[in-house]
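Before any comments, here is the structure.
No hydrogens, no waters, no symmetry mates; every other heavy atom, side chains included, goes into these values. Counting starts at 1 for both ligands and their atoms, in listed order. Residue indices begin at 1 and follow the sequence shown.
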Amino acid sequence: MQQIMVVGAGAVGGFFGAHLAKQYPARLSCLLRPRTLDAVRSRGLTVRSATGTFTVHPKAASDPRDLPKPALIILAMKAYDLDAVLDQLAPVISEDTVFLTLQNGIDIEDRIAARFRRESIVGGVAYIYSKIVEPGIIEHYKRGSVAVGELSGDSSSRVAEIADLFKQAGIPCQVSEDIRRTKWEKMCWNCVFNPLTVVIDDRVSAALAHPELLEMIHQIVEEVAAVSARLNVPLPADMADRVLRWTQEIRDIHTSMYDDWKAGRPTEIDSLNGYIVRKGRELGISTPINLALTGLIKAITEREQTGSDILRIDGAVLQPVSLDRVALAQLPAEHQIPDMSVFQSNMKGQGIRVKGLLEIPACEIGADHVTFHAFDGRFAASLTLSQAIEYGIVVYQIDGQAVPANKGGPFRLVMPGLGDLCANVKGVSRIEVRRGLGKDTRPSLPEA
Ligand SMILES: Nc1nc2c(c(=O)[nH]1)N[C@H]1C(S)=C(S)[C@@H](COP(=O)(O)O)O[C@H]1N2
Ligand SMILES: [Mo]
């Protein structure tokens with residue numbers, strides 16, 4: 001396996017990629033996202049560790065066709081980026097390309113096998129505690145080893161070769177005779193401590209400090225093990241105790257989910273506890289604790305959703321709120337306008353009165369204006385609160401579908417009766433309640 005391509009230079013890919021690049025400068029390249037690529041091109045890829053700091057300058061690109069054709073591809077990006085990465089890699093994959101999967105999640109191999117040959121996949125598990133400090137700079141705190149193995153459980157020369165590659169580069173690598181089980185064992189740990197550290201907003205050790213949580217940890221692992229057993233990967237009866245034992249030497253750490261949450265990145269919840277819930281449902285196994293954790297993690301980490309398809313009400317309110325199209329459709333019927341053509345024959349779609357929207361948050365006493373901001377930040381209209389309440393309607397769907405951008409969607413503010421067309425904000429994504437007039441970039445201010 002002459003050419004090696006590492007996908008991703010995050011906490012996992014950055015650490016292992018840098019070690020491999022140091023040992024095999026001519027053989028290793030990195031497939032990176034544009035932001036990381038810029039950083040690695042200009043400053044290299046740096047690993048800071050208690051045992052030393054080093055920087056490498058690997059070949060890197062954000063299009064795999066710009067890199068040497070890989071014989072081995074080490075997938076080390078987040079599980080939720082898998083499909084996009086596989087699309088991107090398709091042009092450089094041949095009959096004898098080998099994939100090594102280092103990400104969390106149990107269905108990664110199946111998802112690759114749905115696209116490429118199952119025989120091309122070698123299973124892997126990474127044991128490491130590290131963080132991205134900024135793009136291209138990884139801080140490494142603990143561990144830093146891998147386990148690899150054939151999904152079939154057979155021994156093979158390619159697995160031996162991969163293990164050798166890592167060992168020569170100073171990375172401890174174990175050949176697992178049952179890599180599927182090894183993955184499920186790590187899955188147990190992940191399904192316990194990733195969500196718990198987020199829920200308690202604290203280190204792993206804080207989840208060990210209360211007997212109720214220890215009992216909950218046992219229940220999480222039992223649910224995971226029940227699903228795993230039905231998929232023909234039986235785990236030991238004392239699996240939960242093993243998980244707790246492994247945790248002792250890393251008591252002080254947070255987890256990758258915790259770090260993702262704090263950094264505002266999406267979490268891997270759907271590949272971890274969310275996967276257990278989905279598989280459990282398919283197999284008729286009930287997984288109440290994993291279900292609760294999945295819901296809680298989504299509620300905690302996705303709280304501050306923004307984006308062009310989210311309408312946020314903030315400013316002079318006690319607590320900002322965010323609504324998507326589904327949430328808007330569930331607001332009280334008295335505020336809904338099922339058919340906008342009642343105002344004007346050429347208007348289409350379903351709307352919600354701004355009055356109904358502004359009843360959701362508690363407005364600060366004295367709030368008297370409201371500013372509607374377009375998503376692109378290039379247009380805003382400021383109205384008095386009473387104008388907005390009397391005339392404002394947000395059109396949010398047409399025939400049950402999102403309003404297209406060329407019709408001013410996903411959300412368009414209209415003001416039938418106000419007579420100010422310029423107050424019809426297209427692509428509105430933020431409603432800012434204010435005391436006094438706010439930003440207004442309309443070509444002419446409303447007369448009223
Ligand atoms: N986001 C955004 N919304 C906007 C504008 C704009 O430039 N950006 N122009 C406004 C003005 S001045 C008018 S007259 C109407 C035009 O809407 P139309 O393109 O549907 O005719 O959109 C209003 N809403
Ligand atoms: Mo306008």
Side-chain angles (χ1 to χ4, degrees), residues 264 302-317 319-331 335-361 363 367-448:
E302 295 171 16
R303 184 149 42 199
E304 282 299 292
Q305 268 188 359
T306 54
S308 70
D309 54 354
I310 301 287
L311 191 59
R312 184 179 156 93
I313 307 171
D314 62 11
V317 295
Q319 188 70 46
V321 289
S322 294
L323 300 113
D324 60 9
R325 185 162 66 88
V326 174
L328 291 173
Q330 285 164 1
L331 292 176
H335 301 306
Q336 300 280 349
I337 312 286
D339 182 3
M340 292 299 295
S341 71
V342 297
F343 296 102
Q344 215 175 292
S345 59
N346 63 351
M347 270 196 208
K348 275 209 192 72
Q350 186 176 349
I352 180 81
R353 286 194 182 277
V354 169
K355 180 175 193 300
L357 293 174
L358 291 177
E359 278 177 6
I360 305 169
C363 293
D368 55 359
H369 281 72
V370 56
T371 303
F372 295 86
H373 298 267
F375 180 63
D376 61 11
R378 286 164 56 190
F379 193 82
S382 194
L383 304 165
T384 64
L385 201 54
S386 53
Q387 280 176 321
I389 285 172
E390 185 172 354
Y391 298 104
I393 297 171
V394 171
V395 183
Y396 66 92
Q397 60 186 7
I398 297 180
D399 300 330
Q401 303 288 311
V403 181
N406 65 9
K407 295 215 162 67
F411 305 118
R412 178 169 191 162
L413 175 74
V414 295
M415 292 275 167
L418 184 65
D420 178 7
L421 263 183
C422 314
N424 293 357
V425 181
K426 295 180 264 188
V428 55
S429 72
R430 187 172 156 235
I431 300 178
E432 183 195 11
V433 178
R434 300 186 48 94
R435 285 184 228 193
L437 262 171
K439 188 176 175 193
D440 201 319
T441 54
R442 286 175 292 168
S444 62
L445 291 174
E447 309 83 74

Response to the item:
So the atoms of ligand 1 within less than 4.0 Å of a heavy atom of Pro443 turn out to be 12 (S)

Discussion item. To check your reading of the model: name the closest protein heavy atom to atom 15 (C) of ligand 1, its residue, and the distance in Å.
Written reply: Leu421 O, 3.8 Å

Worksheet item: What are the two closest heavy atoms between Ala374 and Lys426, and how far apart are they?
Response: CB-O, 3.5 Å

Discussion item. Applying a heavy-atom cut-off of 4.0 Å, say which part of Cys422 lies close to ligand 1: side chain, backbone, both or neither.
Written reply: both

Worksheet item: Are Arg442 and Asp420 ion-paired here, with the side-chain N under 4.0 Å from a carboxylate O?
Response: yes

Worksheet item: If hydrogens are left out, which of Lys426, Arg412, His373, Arg442 has an atom nearest to atom 3 (N) of ligand 1, that is, the closest non-hydrogen atom?
Response: Lys426

Worksheet item: Within a distance of under 4.0 Å, is there any protein heavy atom near atom 24 (N) of ligand 1?
Response: yes

Worksheet item: Got a second to check how far Met340's CE is from Gln350's CD, nearest 0.5 Å?
Response: 10.5 Å

Worksheet item: Under a 4.0 Å heavy-atom limit, does Ala423 contact ligand 1 with its side chain, its backbone, both, or neither?
Response: neither

Discussion item. Could you work out, for atom 10 (C) of ligand 1, the closest of Phe379, Phe375, Phe372 by heavy-atom distance?
Written reply: Phe379

Fill in: Minimum heavy-atom distance Tyr396-Arg325, with the two atoms named
O-CD, 3.3 Å

Worksheet entry | Per-atom contacts, ligand 1 versus Ala374 - under 4.0 Å to a heavy atom | 1 (N)

Fill in: Side-chain (Asp440) to main-chain (Ser382) donor-acceptor, under 3.5 angstrom
yes

Worksheet item: For residues Gln401 and Asp399, is any side-chain donor paired with an opposing acceptor at under 3.5 Å?
Response: no

Worksheet entry | SB check Arg430 Asp314 (cutoff 4.0 Å) | yes

Discussion item. In this structure, does ligand 1 have an atom that sits under 4.0 Å from one of the heavy atoms of Gly427?
Written reply: no

